Novice: 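Dumping the structure here so I can ask a few things about it.
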Amino acid sequence: MEYIQNYINGALVAPQSGNYINNYEPATGKVYSLIPDSDANDVKVAIRAAEIAFPSWSRLPIGDRSKIIAKIAQLIEEQLEPLAQAESTDNGKPVWLAKMVDIPRAAANFNFYATAIQHYSADANAMSNTAINYTLRDAIGVVGCISPWNLPLYLFSWKIAPALAAGNCVVAKPSEITPMTAYLLSKICIEAGLPAGVLNIVHGYGHTAGNEIVSNPAVKAISFTGGTQTGKTIAKIAAPMFKKLSLELGGKNPNIIFADCDYDKMLATTMRSSFANQGQICLCGSRIFVERPIYEKFKKDFVAKTKALLVGDPNDATSKMGAVVSKAHQEKVLSYVELAQQEGGTVLAGGQAVQVAGRCKAGYFIAPTIIEGLAYDCRTNQEEIFGPVVTIMPFDTEAEVLQYANSVEYGLAATLWTSNVSRATRMAQQIHSGIVWVNCWLLRDLRTPFGGIKSSGVGREGGFHALDFFTEPKNVCIEY
Ligand code: NDP
């Protein structure tokens, strides 16, 4: 049984308490490795290491920092196969998906910020004939990065890469549910020659290790991705210390389909936006609104395709969907199917756990599920389920569907399907969300602002937005 280790001050170390947490493989339901149950003491040592490393890392010429970060990207690319296998074993997602999406994107995150930092510049403002202002953008110091389990290395690196590129030292915690690729990243960082203390990865629970990262005054900024409730807890602790906060939280995204859309492309993409990664992507469109003239056709085609989706062993290349991340999460998702039925919904496809034969017989699988007949404002249509469960519902007018779409507390992403440019522009402007995809989904340009409004979070990641977050601007005014 493998013992995962913390990465503190450049070395792989055991938790001070000697305690470990079981790490389950979701596809089999079996414990396959052990995770350090780190506490505040481990985090304190990591923070101290980061403080000591900060002066030299932040003063290192940008080109030198960039080379080390690019080397991390290169090593991730070289280790695509073992990293993808590890991500799949840890999370339950198909290996092919981790190989196609998670691991390449983690490498892309490091590559992107290794180069972005070389193009990052600050403002100068001349005041006519009196003075010149210039703005410095300095690294903040020690920053905390906390990430969830759904896209483990992808989201972990999305925070760490800009933080390091900007010259900060990092104390990071992956979700204790999916720690393996963060552990493998520690080894990659050592191999890439990242100086000791620049990045520290502490494994453990949110309420212990995570809480110390958030509440320790030496950590000056927190970049967090996870649930809205956890975001609230973090904000409450961090706000009185005036820490910088970037919070990427939950979503309940609308997928709005007009009759004039490119139907085949819409249907194929809607399959992905509903069920990719077992529906465990914060950007998945879980509320599908379909214009009435094509509602019945869409329903028939979507249900048929969904029933044909193969749920199976993540190691099997033919499995379109793997296991959900944990037993507790499987129970939570299925409890929403029950709730939907109590609220008057009809299950058109799925709605139950799936038993996969062989080595996966005790795994946590759920059939992709479609529910119809629910009111837009019932709990099933308002609360985040974060699994392979979508609702479908017809609409007649733009005004009506806008009301449905905007009725939730969340505002992360929305998808629109129409060939009418005027309508797309009009709707995109009125939808309450940080991201709108028109005739596509999850098409990502890493330069663009990423994040949500309302209960979906505060701040934006991506491009120079993340570098803005991980630096502190200082204006210098010189009168002449
Ligand atoms: P959680 O909020 O439960 O956990 C996220 C991370 O925070 C984990 O590492 C967790 O540790 C840690 N944590 C928990 N409590 C605390 C605390 N008190 N102090 C510090 N850290 C803490 O989210 P999930 O892991 O369940 O992820 C799913 C959620 O993430 C969904 O709501 C989803 O929408 C959201 N998400 C948002 C994205 C976005 O970009 N907006 C992208 C992806 C996911 P532990 O594992 O021990 O609980």
Side-chain angles (χ1 to χ4, degrees), residues 1-4 20-37 81-103 106 147-156 173-184 203-206 225-227 274-282 284 309-337 350-369 384-389:
M1 181 95 47
E2 181 157 18
Y3 280 75
I4 289 174
Y20 287 82
I21 306 162
N22 287 336
N23 191 19
Y24 291 86
E25 177 179 6
T28 62
K30 292 194 181 122
V31 176
Y32 84 102
S33 63
L34 293 162
I35 312 157
D37 182 5
E81 297 279 341
L83 283 167
Q85 183 62 58
E87 200 70 292
S88 166
T89 305
D90 219 21
N91 171 279
K93 68 180 71 201
V95 177
W96 63 260
L97 181 68
K99 215 188 280 183
M100 201 172 84
V101 177
D102 294 72
I103 309 306
S147 59
W149 48 256
N150 62 324
L151 300 165
L153 191 60
Y154 175 134
L155 289 175
F156 199 55
K173 193 193 88 64
S175 168
E176 108 280 348
I177 300 168
T178 53
M180 189 54 88
T181 47
Y183 172 52
L184 299 177
H203 297 272
Y205 290 115
T225 298
S274 303
F275 304 122
N277 205 41
Q278 297 68 247
Q280 302 165 135
I281 302 180
C282 53
C284 278
L309 264 189
L310 186 65
V311 179
D313 188 337
N315 286 341
D316 189 337
T318 60
S319 299
K320 289 284 183 277
M321 290 171 58
V324 298
V325 78
S326 66
K327 178 98 188 117
H329 193 57
Q330 184 193 38
E331 284 163 4
K332 179 197 145 181
V333 172
L334 291 175
S335 78
Y336 270 101
V337 177
Q352 76 284 330
V354 174
Q355 252 233 311
V356 173
R359 76 170 196 112
C360 295
K361 63 178 186 298
Y364 319 131
F365 297 86
I366 298 180
T369 300
E384 185 182 45
I385 301 174
F386 213 57
V389 177

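Quick caveat, the model's predicted, so the values are computed rather than measured.
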Novice: Would you say the side chain of Pro82 lies within less than 4.5 Å of the side chain of Leu184, judging by non-hydrogen atoms?
Specialist: no
Novice: Could you pull out the closest heavy-atom pair between Asp102 and Leu151, with the gap in Å?
Specialist: OD2-CD2, 3.6 Å
Novice: With no hydrogens and no angle check, just 3.5 Å: does a side-chain donor-acceptor pair link Asn91 and Gln280?
Specialist: no
Novice: Is there a donor-acceptor pair under 3.5 Å between the side chain of Thr369 and the backbone N or O of Ala367?
Specialist: yes
Novice: Starting at CG of Leu34, measure out to OH of Tyr3 and round the result to the nearest 0.5 Å.
Specialist: 5.0 Å
Novice: Consider only side-chain N and O atoms of Asp90 and Tyr32, and report whether a donor and an acceptor are under 3.5 Å apart.
Specialist: yes
Novice: If we only count heavy atoms from C-beta on, is the Lys361 to Gln355 side-chain gap below 4.5 Å?
Specialist: yes
Novice: Check whether any side-chain N or O of Asn277 sits under 3.5 Å from a backbone N or O of Asn150 as a donor-acceptor pair, and report yes or no.
Specialist: yes
Novice: Less than 4.5 Å apart, side chain to side chain, heavy atoms only: is that true for Lys320 and Pro94?
Specialist: no
Novice: If you compare all heavy atoms of Leu155 against all heavy atoms of Thr225, which two are closest, and at what distance to 0.1 Å?
Specialist: CD1-CG2, 4.1 Å
Novice: Just verifying a value: how many Å separate His203 NE2 and Ile35 CD1, rounded to the nearest 0.5 Å?
Specialist: 8.5 Å
Novice: Identify the two heavy atoms, one from Ile21 and one from Pro36, that lie closest to each other, and give their separation to 0.1 Å.
Specialist: CD1-O, 4.1 Å
Novice: Begin with the C-alpha distance, continue with both residues' side-chain angles, and end with the deciding distance and a verdict on side-chain hydrogen bond (donor to acceptor under 3.5 Å, both in side chains) for Asn315 and Gln85.
Specialist: CA-CA 8 Å; Asn315 286 341; Gln85 183 62 58; 3.0 Å; yes
Novice: Show me the donor-acceptor pairs within less than 3.5 Å that the side chains of residues 326-333 make with the rest of the protein, sequence neighbours left out.
Specialist:
residue : atom : partner : partner atom : Å
Ser326  : OG   : His329  : N            : 3.0
His329  : NE2  : Phe386  : O            : 2.8
Gln330  : NE2  : Phe365  : O            : 3.1

Novice: Got a sec, which residues hit salt bridge (Lys or Arg N to Asp or Glu O under 4.0 Å) with Lys173, two or more places apart in sequence or on another chain?
Specialist: none
Novice: Which distance, rounded to the nearest 0.5 Å, do you find between the CG of Leu310 and the OG1 of Thr318?
Specialist: 5.0 Å
Novice: In Å, rounded to the nearest 0.5 Å, how long is the span from CE of Met180 to CG of Leu83?
Specialist: 11.0 Å
Novice: Hydrogens and angles aside, do Glu87 and Thr181 bring a side-chain donor and acceptor to less than 3.5 Å of each other?
Specialist: yes
Novice: So do the side chains of Ile103 and Leu153 get within less than 4.5 Å of each other, counting heavy atoms only?
Specialist: yes
Novice: Does the side chain of Ile4 come within less than 4.5 Å of Tyr183's, by heavy atoms?
Specialist: yes
Novice: Evaluate side chain to side chain contact (heavy atoms under 4.5 Å, CB included) for Asn22 paired with Tyr24, printing each intermediate quantity in order.
Specialist: CA-CA 6 Å; Asn22 287 336; Tyr24 291 86; 3.8 Å; yes
Novice: Ignoring hydrogens and geometry, is there a side-chain-to-backbone donor-acceptor pair from Gln278 to Gly322 under 3.5 Å?
Specialist: yes
Novice: Main chain of Ser319, side chain of Trp96: is a donor-acceptor contact present, judged purely on distance under 3.5 Å?
Specialist: yes
Novice: Is the backbone N or O of Ala84 less than 3.5 Å from a side-chain atom of Ser88, with the two atoms forming a donor-acceptor pair by type?
Specialist: no
Novice: Testing the basics here: between Pro26 and Val324, what is the closest heavy-atom pair and its distance to 0.1 Å?
Specialist: CB-O, 3.2 Å
Novice: Let's go through Val389 and Tyr336 carefully: what are the C-alpha distance in whole Å and the side-chain angles of both, what is the deciding distance for side chain to side chain contact (heavy atoms under 4.5 Å, CB included) to 0.1 Å, and is it a yes or a no?
Specialist: CA-CA 9 Å; Val389 177; Tyr336 270 101; 5.8 Å; no
Novice: Kindly give the heavy-atom pair with the smallest separation between Phe156 and Ala182, and that separation in Å.
Specialist: CE2-CB, 3.6 Å
Novice: Grab the two heavy atoms, one from Pro148 and one from Gly226, that are nearest each other, plus how far apart they are.
Specialist: CB-CA, 4.3 Å
Novice: Lys93 versus Pro314: any side-chain heavy-atom pair under 4.5 Å?
Specialist: no
Novice: Are the side chain of Thr28 and the backbone of Lys30 linked by a donor-acceptor contact shorter than 3.5 Å?
Specialist: yes
